[in-house]
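Throughout, a chain's letter reflects where its sequence line sits, starting with A, and its residues are numbered from 1.
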Number of protein chains: 2
Amino acid sequence: MNIGQAAQASGVSAKMIRYYEEIGLVPKAARRESGYRDYEEADIHRLRFIRRARDLGFTVDQIGELLGLWADRSRASSNVKTLALSHVEELRRKKAEIEGMIATLESLAQSCHGDDRPDCPILEELGAAGHDVSGLQAQPRRFGAPGFSPRRG
Amino acid sequence: MNIGQAAQASGVSAKMIRYYEEIGLVPKAARRESGYRDYEEADIHRLRFIRRARDLGFTVDQIGELLGLWADRSRASSNVKTLALSHVEELRRKKAEIEGMIATLESLAQSCHGDDRPDCPILEELGAAGHDVSGLQAQPRRFGAPGFSPRRG
DNA sequence: CATAAGGGTTCCCACCGTGGGAAGGTCAAG
DNA sequence: CTTGACCTTCCCACGGTGGGAACCCTTATG
């Protein structure tokens, strides 16, 4: 199976398959005489696994762990569950950040009449000296969590 | 005022101030004879504005627009409000994606006993042939939205 | 058999926003 | 004058992903 077919079958683009190989997330693919990578069912299976884990927002590192657990048929299911739940915690944090932003922005937008007059509390707030915008909604101090980048495919 | 003081006063790191200057988000700072950048109150003010807008999850491009609107004292407030609300829409989409992930993961985790036995529905689901994990929760098809990276400072 | 189309291969570049660090210049205080 | 804190520019890294160039391989068709 060529990389193109593997991509189609797994939902992971050829570019990404090569990238995952490069960073060691998947083992180096077998090569034909031509130099073409050659994939089998098991490889497709693994790629699909990765694709789904990405869809669930796991980072590549976490997916590496998951693959390890997946391969180890004697591991305790608690290991997997722990990993999953700690990821859920992470997701909840991000959700809370976003909710804070939404709440602040909505309250600012609500107080802006939004017509052709120039005065606008949104900009006034952003430009005001001193305090923190997030304080408007009494959000937890730190928005900036480690970056989150969902799949874009 | 040196860049260090400006950073302190605005909450934007010196690195980021230089970066914003480089990409043209802020005008080139005045220089002393020594070559040091020199900042005034108005610059600090603008940097604080940027910092807050980042805290609210606006992209650098959007902040550019916001700064333009901020500077234009005769613009209609509706322009600002529109921009803010469309950003809120974006945030809502991201929130929904995250909620989908959380829901799926929780339902998987719930069905995993999480003890020292090896069988684990989480990995089984991820590794299953065929269907889409998100289907478990009947989420809207596409998780992968354009990337989201909140501030990390 | 020759050629074209559509794969594949590697390699580099870009994005966004941020941090790290090296190599060198400046400034203020001791 | 020396020390240390600061500034300057420049390059590199991250996570993931896409774009594209330059080149090789395979397969179908005239």
J.: Nearest to the side chain of A:Y36, heavy atoms from C-beta on, is which of D:dC25, C:dT18, D:dC7?
T.: D:dC25
J.: If you measure from OH on B:Y20 to OG on B:S13, what distance do you get to the nearest 0.5 Å?
T.: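 B:Y20 atom OH to B:S13 atom OG measures 7.5 Å (nearest 0.5 Å).
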J.: So does A:R37 get a side-chain nitrogen or oxygen closer than 4.0 Å to the phosphate oxygens (OP1/OP2) of C:dG8?
T.: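 It does not, given that no N or O in the side chain of A:R37 lies less than 4.0 Å from OP1 or OP2 of C:dG8.
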J.: Distance check needed: D:dC25 C1' versus A:R32 CZ, whole Å only.
T.: 11 Å
J.: Would A:R92 and B:E106 pass as an ion pair if we require N to O under 4.0 Å?
T.: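 A salt bridge is present here (some side-chain N lies under 4.0 Å from a carboxylate O).
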J.: Take atom OH of B:Y19 and atom P of D:dC10, then tell me their distance rounded to the nearest Å.
T.: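 After rounding, the reported distance stands at 17 Å.
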J.: If you look only at pairs with a residue in residues 34-43 of chain B, which of them pass as a side chain to side chain donor-acceptor pair (under 3.5 Å), with sequence neighbours excluded?
T.: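 For residues 34-43 of chain B: B:E21-B:R37, B:R32-B:D38, B:D43-B:R46.
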J.: Just N and O in the side chain of B:R54: are any of them under 4.0 Å from OP1 or OP2 of C:dT18?
T.: yes
J.: How does DNA chain D look in dot-bracket notation if pairs are Watson-Crick or G-U with both distances under 3.5 Å, crossing ones as [ ], other-strand ones as |?
T.: ||||||||||||||||||||||||||||||
J.: Tell me if a side-chain donor or acceptor on A:R54 pairs with a main-chain N or O of A:F58 at a distance below 3.5 Å.
T.: yes
J.: Would you please confirm or rule out a distance under 4.0 Å between OP1 or OP2 of D:dC7 and any side-chain N or O of B:R31?
T.: no
J.: Nearest-Å distance, CE (A:M1) to P (D:dT26)?
T.: 18 Å
J.: Quick one: side chains of residues 74-84 of chain B, donor-acceptor pairs under 3.5 Å with protein atoms, not counting sequence neighbours, listed by atom name and distance.
T.:
from	atom 1	to	atom 2	distance (Å)
B:S74	OG	B:D72	OD1	3.0
B:R75	NE	A:P118	O	3.4
B:R75	NH1	B:L69	O	2.9
B:R75	NH1	B:D72	O	3.3
B:R75	NH2	A:P118	O	2.1
B:S77	OG	A:H113	ND1	3.1
B:S77	OG	A:G114	N	3.4
B:S77	OG	A:D115	N	3.2
B:S77	OG	A:D115	O	3.3
B:S77	OG	A:R117	O	3.1
B:S78	OG	A:D115	O	3.4
B:K81	NZ	A:A109	O	3.2
B:K81	NZ	A:C112	O	2.7
B:T82	OG1	B:S78	O	2.7

J.: Whole Å only: how far is the CD atom of A:E22 from the P atom of C:dC12?
T.: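 After rounding, the reported distance stands at 11 Å.
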J.: Roughly how many Å is it from CG in A:D61 to P in D:dC14, rounded to a whole number?
T.: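 Between P of D:dC14 and CG of A:D61: 11 Å.
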J.: Measure distances between side-chain N and O atoms of B:K15 and base N and O atoms of C:dG17, and say whether any donor-acceptor pair falls under 3.5 Å.
T.: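 No, the side chain and the base share no sub-3.5 Å donor-acceptor pair.
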J.: Report the distance from atom CG of B:N2 to atom C1' of D:dT8, rounded to the nearest whole Å.
T.: 12 Å
J.: Donor-acceptor pair, B:Q62 side chain versus B:T59 backbone, under 3.5 Å?
T.: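 At least one qualifying donor-acceptor pair exists.
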J.: Check every atom of C:dT18, D:dT17, C:dG8 against the side chain of A:M16 and return the nucleotide holding the closest atom.
T.: D:dT17
J.: Nearest-Å distance, CZ (A:R18) to C1' (D:dG20)?
T.: 12 Å
J.: For DNA chain D, whose closest nucleotide is more 5', that of A:Y20 or that of A:S34?
T.: A:Y20
J.: Please determine whether a side-chain nitrogen of the Lys or Arg among B:R93 and B:E90 lies less than 4.0 Å from a carboxylate oxygen of the Asp or Glu.
T.: yes
J.: Please report, rounded to the nearest Å, how far the P atom of D:dC6 is from the CG atom of B:D38.
T.: 17 Å
